[in-house]
Q: 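First, the structure itself, so that you have it in front of you.
Here the structure is a predicted model, which is why all the values come from computation and not from measurement.
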Amino acid sequence: MPFTSLYATTQELTDAAKALYLLDARPTAAALDAARNRLLDAIRAHSLTKDRLLLQTLRESEDCAHLAMARRTTEQDLEWRQRMLDHFVAWPLRKIHADPHGHRAAAHRMLRLCERRAAHQEQLLLPMAEEALRQRPLAA
């Protein structure tokens with residue numbers, strides 16, 4: 001399976017989002033920074049791997065549906081990453097301490113968003129990429 005490393009980065013991304021969600025209700029600055037940095041690193045690794053293995057496969061396809069899905073997914077992923085960064089800005093440490101339940105709910109929404117993106121990848125993008133690989137002309 002050519003997408004093994006994608007599965008690993010997807011799992012790490014989900015685990016990092018879950019760790020942020022499960023963070024102590026009143027975290028220390030160091031714990032919050034560590035959880036956020038882990039999530040940012042996971043986003044970076046996943047994005048690079050997804051682009052290199054999955055989206056590039058769709059972009060190289062001659063099928064218009066594959067090309068459109070690669071473009072749409074790229075746009076959605078950019079919006080998704082921006083929502084993650086917006087979450088960090090919206091929830092500085094002092095606000096988390098003032099409203100731990102609000103932060104937990106917001107972190108839960110981010111976790112669910114990660115899970116939905118992973119499901120989209122698994123259920124739609126991977127089958128399309130596998131189809132694109134099967135449709136490639138054989139090298140002469």
Side-chain angles (χ1 to χ4, degrees):
M1 183 66 145
F3 302 112
T4 304
S5 59
L6 181 61
Y7 288 114
T9 61
T10 302
Q11 186 61 52
E12 173 54 27
L13 176 59
T14 303
D15 291 348
K18 190 176 290 182
L20 182 66
Y21 168 66
L22 295 174
L23 198 61
D24 184 74
R26 296 183 58 79
T28 64
L32 180 62
D33 286 344
R36 287 179 173 179
N37 286 332
R38 178 183 176 193
L39 184 55
L40 289 172
D41 289 345
I43 289 169
R44 237 177 262 112
H46 180 262
S47 295
L48 291 171
T49 304
K50 183 176 180 180
D51 187 68
R52 181 175 45 86
L53 295 178
L54 185 63
L55 298 178
Q56 189 61 36
T57 300
L58 294 175
R59 283 187 209 105
E60 291 172 355
S61 174
E62 295 179 7
D63 187 318
C64 293
H66 296 162
L67 297 170
M69 183 55 72
R71 186 173 37 257
R72 179 174 171 244
T73 299
T74 299
E75 291 168 0
Q76 289 174 337
D77 284 351
L78 287 171
E79 291 172 12
W80 168 72
R81 287 192 300 265
Q82 186 60 51
R83 286 181 69 182
M84 288 290 186
L85 294 173
D86 290 346
H87 169 85
F88 294 168
V89 171
W91 289 97
L93 186 62
R94 71 183 185 297
K95 187 173 177 185
I96 293 170
H97 285 183
D99 184 8
H101 297 296
H103 178 257
R104 171 100 10 145
H108 189 255
R109 286 190 297 274
M110 291 297 102
L111 172 58
R112 292 295 170 241
L113 184 57
C114 284
E115 291 170 341
R116 284 193 306 272
R117 294 303 297 160
H120 177 262
Q121 174 181 294
E122 179 79 21
Q123 296 166 7
L124 187 64
L125 297 177
L126 282 168
M128 285 184 93
E130 289 168 347
E131 177 184 66
L133 287 173
R134 285 191 305 272
Q135 290 176 354
R136 281 186 178 168
L138 296 176

Q: Rounded at 0.5 Å granularity, tell me how far OG in S5 sits from CZ in R52.
A: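 If we round to the nearest 0.5 Å, S5:OG and R52:CZ are 5.0 Å apart.
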Q: Can you name the closest pair of heavy atoms from L111 and K18 and give their distance?
A: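 Answer, listing the atom of L111 first, then K18: CD1-N, 3.7 Å.
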Q: Once rounded to the nearest 0.5 Å, what's the spacing between atom CG of L67 and atom CD of E60?
A: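 Taking CG in L67 and CD in E60, the distance rounds to 10.5 Å.
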Q: Which value, rounded to the nearest 0.5 Å, describes the distance between I43 atom CD1 and C114 atom SG?
A: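 Rounded to the nearest 0.5 Å, the CD1-SG separation comes to 6.5 Å.
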Q: Does L22 share a hydrophobic cluster with M110, counting links as ILVMFWY side-chain heavy atoms below 4.5 Å and allowing steps through other members?
A: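 Each belongs to a different hydrophobic cluster.
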Q: Any idea which heavy atoms bring A90 and K95 closest together, and the distance?
A: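 Closest approach of A90 to K95, heavy atoms only: O-CD, 3.2 Å.
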Q: Closest heavy-atom contact between P100 and A25?
A: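 Looks like CB-O, 3.4 Å.
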Q: Quick one: does H97's side chain have a donor or acceptor within less than 3.5 Å of a partner on P27's backbone?
A: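 Answer holds: yes.
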Q: Inspect the contact between D41 and R38 and indicate whether a charged nitrogen and a carboxylate oxygen are less than 4.0 angstrom apart.
A: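 Between D41 and R38 there is no salt bridge, as every charged N stays at least 4.0 Å from the carboxylate O atoms.
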Q: Nearest 0.5 Å, please: how far is CZ in R44 from OG1 in T49?
A: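 Separation between the atoms: 12.5 Å.
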Q: Tell me whether the count of non-hydrogen atoms from other residues, nucleotides or ligands lying under 6.0 Å of CD in Q82 goes above 12.
A: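 Check passes, neighbour count above 12.
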Q: Are K50 and T73 packed together at the side-chain level, in the sense that at least one heavy-atom pair is separated by less than 4.5 angstrom?
A: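 Counting from C-beta outward, K50 and T73 do come under 4.5 Å.
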Q: Look at the rings of H46 and W80 and say which category their plane angle falls in: under 30° parallel, 30 to 60° tilted, over 60° perpendicular.
A: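 Ring orientation, 0 to 90° scale: perpendicular.
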Q: Can you tell me if CZ on R83 sees more than 12 non-hydrogen neighbours from other groups inside 6.0 Å?
A: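 Counting neighbours around CZ of R83, 12 or fewer heavy atoms of other residues, nucleotides or ligands fall under 6.0 Å, so no.
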Q: Does R104 reach the main-chain N or O of L23 with its side chain, forming a donor-acceptor pair under 3.5 Å?
A: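 Checked: pair present.
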Q: Give the C-alpha distance, both sets of side-chain angles, the deciding distance and a yes or no for side chain to side chain contact (heavy atoms under 4.5 Å, CB included) between R117 and D77.
A: CA-CA 8 Å; R117 294 303 297 160; D77 284 351; 2.6 Å; yes
Q: Is there a chain of hydrophobic side chains (I, L, V, M, F, W, Y, each step under 4.5 Å between heavy atoms) that links L58 to Y7?
A: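 L58 clusters together with Y7.
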Q: Within the 4.5 Å heavy-atom criterion, are T74 and R71 side-chain neighbours or not?
A: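 T74 vs R71: side chains apart.
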Q: Would a hydrophobic clustering, with Ile, Leu, Val, Met, Phe, Trp and Tyr connected at side-chain separations under 4.5 Å, put M84 with L48?
A: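 No.
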Q: Show your working on side-chain hydrogen bond (donor to acceptor under 3.5 Å, both in side chains) between H120 and R116 and close with a plain yes or no.
A: CA-CA 6 Å; H120 177 262; R116 284 193 306 272; over 6 Å; no
Q: Nearest 0.5 Å, please: how far is NE2 in H108 from CG in L113?
A: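 The CG atom of L113 sits 12.0 Å away from the NE2 atom of H108.
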Q: Which of parallel (below 30°), tilted (30 to 60°) and perpendicular (above 60°) describes H103 and W91?
A: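 The rings of H103 and W91 stand perpendicular, inter-plane angle above 60°.
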Q: Check whether L13 and L125 end up in the same hydrophobic cluster, where Ile, Leu, Val, Met, Phe, Trp and Tyr are linked by side-chain heavy atoms less than 4.5 Å apart.
A: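 Result: no, two separate clusters.
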Q: Over all heavy atoms of both residues, which pair between L126 and E122 is shortest? Give the atoms and the distance, please.
A: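 For L126 versus E122, the nearest heavy atoms are CD1-OE1, 3.7 Å.
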Q: CD of Q121 to CG of L54: how many Å apart, nearest 0.5 Å?
A: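 Rounded to the nearest 0.5 Å, the CD-CG separation comes out at 6.0 Å.
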Q: Please say yes or no: joined through hydrophobic side-chain contacts below 4.5 Å, possibly via intermediate residues, are M69 and F3 part of one cluster?
A: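 Shared cluster, yes.
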Q: What residues form a side-chain hydrogen bond (donor to acceptor under 3.5 Å, both in side chains) with D33, not counting sequence neighbours?
A: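 Residues passing side-chain hydrogen bond (donor to acceptor under 3.5 Å, both in side chains) with D33: none at all.
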Q: Hey, is R134 close enough to E131 for a salt bridge, meaning N to O under 4.0 Å?
A: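 E131 and R134: not salt-bridged.
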Q: Write down the atom of A70, the atom of R59, and the distance for their closest heavy-atom approach.
A: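 Smallest heavy-atom distance, with atoms named: CB-CG, 3.9 Å.
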Q: So, for T9 and L6, which heavy atoms are closest and what is the spacing to 0.1 Å?
A: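 It is OG1-O, 3.1 Å.
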